[in-house]
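Just so it is clear, the values below take in all heavy atoms, side chains as well, and ignore hydrogens, waters and symmetry mates.
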Amino acid sequence: MNTLTFSSIKKNPGVLLDLSRKLVDYLIATTRDQSVLGEYLDLSTGRNFGKAMINDFGDSLPFVYWLGDLSSQPSYQRWAMTKADYILRHFQASHGLFFTSADSRSRYHPSFVSVFDADDLSDTILGINLLYQLSNNTAYLQPSVRFFEGFQRYLVSSRGYVFFKVVVPPGLPVPFSTGKFAGLYIEELLQLYFFTKDQRYLALAKRLAMPWLQLPFFQKYGLFPFVCTSKLLQPLLEPVFAARTGFRFDTAMMTKSNTNLVSALIRLSSVAPDPRISTALNHWKTAVGEKLLTPQHTLTAIWSPHKTYNVNYCGSDHAVIDCLTEMFVRGGDRSALALAETIAQGWMATISEKGLISEVVSDYDTGSLHPRMLNPAMGKRGISRLDTHTDFGVVLLKLYETTRNEHYLKAVFTLLQGVLQSHRFCQGYAEYVNIATGEPISLVIETKMLFLLTKFFNLFYSTLRGEHILKNRLLQDITRDR
């Protein structure tokens with residue numbers, strides 16, 4: 001693989017499909033004795049363990065099914081559907097929501113009272129909708145319909161905010177919301193509307209979107225903050241939230257609290273044009289350029305009118321680039337595309353000769369590699385992160401299709417070389433690598449990161465074969481980073 005060149009991969013893109021197949025075969029082998037995948041994988045032993053990947057359904061199984069389509073190997077599709085069917089049979093509650101707290105190596109017995117997490121559930125419903133889209137099998141449509149019945153009953157506030165968590169019974173919510181999961185639910189409601197043509201799903205998507213546009217913080221600053229859904233409880237919860245996260249409610253985090261919501265608004269506007277949404281998107285784009293853009297053409301990842309956060313990282317900026325590119329593709333906004341290219345080129349200038357990006361990552365326990373929420377005070381550079389290469393590579397492929405500038409395609413190839421030469425260990429890939437020494441920080445990796453890497457391989461292959469990402473609804477949907 002060290003002899004792989006840009007010209008050779010253009011002539012023979014099948015090597016990318018081979019990489020994807022080898023990785024998926026390894027993942028299948030490591031989980032052969034499990035009905036459901038585990039959150040972590042130890043590359044040194046091949047042991048898959050931890051929390052059951054119900055919450056990461058959307059970051060795993062659809063990519064295996066897609067590989068089956070690309071490689072004409074139905075065994076991959078059967079494997080993905082078998083894992084999915086087990087989840088649907090054993091983890092969907094009677095009210096439609098999913099139990100997401102099971103261990104991957106023991107039988108799950110739900111308690112009478114359960115906590116349902118909107119963030120966890122968002123990737124679950126994403127995966128179910130993608131499998132329906134890929135297979136056209138109604139076995140995945142009905143669970144989606146049932147899910148949104150429970151979702152609307154328990155997780156949506158009277159004002160249209162999505163609660164962070166809810167205890168069922170009795171339906172007691174945690175009064176906090178963010179655009180991260182609100183945006184994803186808007187998108188998945190639009191998916192269900194597309195599948196069924198039922199106006200109720202479009203109406204609910206609109207209902208979830210509108211409160212964000214009316215926020216005084218957004219109207220003043222053009223960015224979406226965290227939200228306490230109870231004005232009465234906000235004075236009491238503000239210090240608790242700050243102690244747990246390090247942020248005030250009136251703080252804007254770009255990925256994914258802003259970018260998921262903006263992506264959803266872009267899609268909602270294309271389905272149901274509304275001048276309020278168009279105005280909001282333009283307001284957000286202006287704020288990104290004026291408040292977040294640094295002299296190095298990267299972005300400040302966190303913004304507050306009360307505190308300066310000097311933190312920027314590609315793992316955040318790639319999603320902003322994606323939003324801005326989509327604003328051009330769907331709405332013809334050339335200034336959005338220009339800003340997207342500026343940010344992309346700012347990060348491309350940082351790619352090392354080895355094809356690596358020095359990333360800010362949070363401190364973590366390298367024995368178990370349970371990542372914590374990003375804390376700028378703990379941020380460390382000099383580390384290459386696998387998922388950043390996956391996400392940035394996908395975004396650059398979209399920019400290449402949009403502009404036909406081969407400079408982006410060459411940068412994708414450079415990122416691929418970085419992954420193959422520096423992150424590949426044992427039969428998989430390490431999540432974090434010390435750039436100076438070339439050593440992995442740990443050989444324990446989040447399992448979903450390896451499935452997501454196949455998305456990068458699959459999309460690079462499809463692009464070199466002449467597939468159009470931005471003209472293909474399935475490719476648009478399956479390559480979203482949510």
Shortest non-hydrogen separation from [X] to [Y] and the atoms involved:
X: S316; Y: M254; value: OG-CB, 3.7 Å
X: L23; Y: L450; value: CD2-O, 3.3 Å
X: Y26; Y: G46; value: OH-CA, 3.9 Å
X: I186; Y: A205; value: CG1-O, 3.8 Å

Are the side chain of [X] and the backbone N or O of [Y] linked by a donor-acceptor pair below 3.5 Å?
X: S72; Y: G68; answer: no
X: T124; Y: I54; answer: yes
X: E359; Y: C314; answer: yes
X: Q73; Y: L67; answer: no
X: T325; Y: I321; answer: yes
X: T82; Y: R78; answer: yes
X: S230; Y: L233; answer: yes

Hey, would you say the [X] and [Y] ring centroids sit under 6.0 Å apart?
X: F164; Y: F176; answer: yes
X: W212; Y: Y161; answer: yes
X: H95; Y: Y154; answer: yes
X: F218; Y: F224; answer: yes

Decide if atom CZ of R334 counts as having more than 12 heavy atoms of other residues, nucleotides or ligands within a radius under 6.0 Å.
-> no

What do the steps show when you test H389 against L453 for side-chain contact (heavy atoms from CB on, under 4.5 Å), and what is the final call?
-> CA-CA 9 Å; H389 287 71; L453 181 58; over 6 Å; no

Side chain proximity check, [X] to [Y], heavy atoms < 4.5 angstrom:
X: L475; Y: L470; value: no
X: L121; Y: N55; value: no
X: V24; Y: F63; value: no

Any ion pair linking [Y] and [X] (charged N to carboxylate O, less than 4.0 Å)?
X: D56; Y: K51; answer: no
X: E326; Y: K398; answer: no
X: D481; Y: K256; answer: yes
X: D117; Y: K165; answer: yes
X: R267; Y: D477; answer: yes
X: K448; Y: E39; answer: no

Kindly write out the residues that satisfy salt bridge (Lys or Arg N to Asp or Glu O under 4.0 Å) with R276, not counting sequence neighbours, or none if the list is empty.
-> D274

[X] and [Y]: side chain donor to acceptor below 3.5 Å:
X: Q214; Y: Q219; result: no
X: S257; Y: T178; result: yes
X: Y140; Y: D85; result: yes
X: S335; Y: K285; result: yes
X: E188; Y: Y201; result: no
X: N129; Y: S144; result: yes

Only one of F91, F98, F99 clears ring-ring contact (aromatic ring centres under 6.0 Å, His included) with F116; which?
-> F99

Decide yes or no on salt bridge (Lys or Arg N to Asp or Glu O under 4.0 Å) for E187 and R480, but give the supporting numbers first.
-> CA-CA 11 Å; E187 286 188 316; R480 291 175 292 165; 3.1 Å; yes

What residue pairs, at least two apart or across chains, pass salt bridge (charged side-chain N to carboxylate O under 4.0 Å, His left out) with a residue in residues 170-186?
-> D119-K180

Evaluate the criterion salt bridge (Lys or Arg N to Asp or Glu O under 4.0 Å) for residue pair R21 and D18; output intermediate values, then yes/no.
-> CA-CA 5 Å; R21 280 194 292 253; D18 290 339; 2.4 Å; yes

Compute both the distance and the angle, then confirm whether R473 meets the cation-pi test with F194: under 6.0 Å from the six-membered ring centre, within 45 degrees of the axis.
-> yes

R404 to Y400 six-membered ring, cation-pi geometry met (6.0 Å, 45°) | yes

Describe, in one word, how the ring planes of F241 and F249 are oriented to each other, choosing from parallel (under 30°), tilted (30 to 60°) and perpendicular (over 60°).
-> parallel

Parallel, tilted or perpendicular: rings of F151 and F148 (30°, 60°) | perpendicular

Can you list the steps and then say if W66 with L459 is a side-chain contact (heavy atoms from CB on, under 4.5 Å)?
-> CA-CA 10 Å; W66 181 26; L459 189 64; 4.2 Å; yes

